[in-house]
Amino acid sequence: MTIHCWIGSVAEMSGGPASRSCRDLVDRAKALALAEPDEPLHIAALCCALAVSERTLRKAFHKIYGLPPHRHLRLLRLAQVRGALLAADGQVVTVTEIATGFGFVELGRFSVEYRKMFGESPSKTLQRSSSPKRCNQVTPRPGHFMGGGI
């Protein structure tokens with residue numbers, strides 16, 4: 001999404017910069033940043049579209065989430081990537097395709113962040129999503145009988 005599209009969509013949503021609460025500003029920023037997931041995050045462009053300074057946006061995110069906007073938005077995108085990896089379910093798709101589809105271009109950094117957040121590599125998540133499901137299979141413990149009476 002180009003900056004001009006962002007500006008146009010913010011103009012439709014907003015009642016003016018002075019009337020925004022921190023929550024409203026953060027919600028707008030999240031909506032804009034996640035609207036085009038394949039585009040890299042550029043906080044300066046986001047601030048321009050929202051007609052606020054980077055300091056104002058940073059303070060709002062710190063107040064609501066305790067994190068800077070770039071960090072919080074990256075975590076949201078990481079969660080979106082995980083959802084896409086888990087939803088792949090046998091499709092012929094790669095981690096690279098999914099990660100770049102959510103704006104991650106530095107794949108080494110992406111992989112490290114993903115592992116820190118979810119405790120496994122993105123390829124392991126994708127592999128798990130494609131493995132045969134064993135739903136509702138219960139392995140009885142020795143000495144326990146399943147089902148009807150004897």
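Below, all heavy atoms of this structure are taken into account, side chains as well, without hydrogens, waters or symmetry copies.
- Counting only distance, with no hydrogens or angles, the side chain of T56 and the backbone of V52 share no donor-acceptor pair below 3.5 Å.
- Heavy atoms only, all atoms of each residue included: F61 and P68 are closest at CB-C, 4.2 Å.
- E120 pairs by the salt bridge (Lys or Arg N to Asp or Glu O under 4.0 Å) definition with R82, R128, not counting sequence neighbours.
- Under the 4.5 Å side-chain heavy-atom criterion for grouping Ile, Leu, Val, Met, Phe, Trp and Tyr, L107 is not connected to Y114 through any hydrophobic cluster.
- Atom SG in C22 sits 11.0 Å away from atom CG in D27 (nearest 0.5 Å).
- Across A29 and L50, no two heavy atoms sit closer than the pair CB-CD1, 3.6 Å.
- When all heavy atoms are compared, the tightest approach of P122 to F110 is CG-CE2, 3.6 Å.
- To the nearest 0.5 Å, atoms OG1 (T125) and CZ (R115) are separated by 9.5 Å.
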>> Set out, in order, the CA-CA distance, both residues' side-chain angles and the distance that settles side chain to side chain contact (heavy atoms under 4.5 Å, CB included) for L73 and L46, then state yes or no.
In response: CA-CA 11 Å; L73 296 171; L46 187 58; 3.9 Å; yes
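- Taking CG of L86 as the reference point, atom CZ of F118 lies at 8.5 Å (rounded to 0.5 Å).
- By the salt bridge (Lys or Arg N to Asp or Glu O under 4.0 Å) test, R77 is found to be paired with no residue, residues two or more places apart in sequence or in another chain being considered.
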> For F104 and V81, what are the C-alpha separation, side-chain angles and deciding distance, and is it a side chain to side chain contact (heavy atoms under 4.5 Å, CB included)?
Replying inline: CA-CA 10 Å; F104 292 97; V81 168; 3.8 Å; yes
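- Below 30°, between 30° and 60°, or above 60°: for Y65 and H72 the angle between ring planes is below 30°, a parallel geometry.
- Closest of all the heavy-atom pairs between V93 and L126 is O-CD2, 3.5 Å.
- The shortest side-chain heavy-atom distance between L75 and M117 falls under the 4.5 Å cut-off.
- Scanning both residues, I43 and L57, for their nearest heavy atoms gives CG2-CD2, 4.1 Å.
- T100 places none of its side-chain heavy atoms less than 4.5 Å from the side chain of D38.
- Annotation: K30, atom NZ; neighbour count of heavy atoms from other residues, nucleotides and ligands within 6.0 Å is above 12.
- Between H42 and H70 the shortest side-chain heavy-atom distance does not fall below 4.5 Å.
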> Would S123 and S121 count as a side-chain hydrogen bond (donor to acceptor under 3.5 Å, both in side chains) if you check the C-alpha gap in whole Å, the side-chain angles of each, and the deciding distance to 0.1 Å?
Replying inline: CA-CA 5 Å; S123 58; S121 69; 3.1 Å; yes
>> With side chain to side chain contact (heavy atoms under 4.5 Å, CB included) as the criterion, how do R58 and R55 come out once you've worked through the C-alpha distance, each side chain's angles and the decisive distance to 0.1 Å?
In response: CA-CA 5 Å; R58 188 172 51 252; R55 181 176 185 211; 3.8 Å; yes
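- Residue pairs meeting the salt bridge (charged side-chain N to carboxylate O under 4.0 Å, His left out) criterion with at least one member in residues 93-108, sequence neighbours excluded, are E106-R109.
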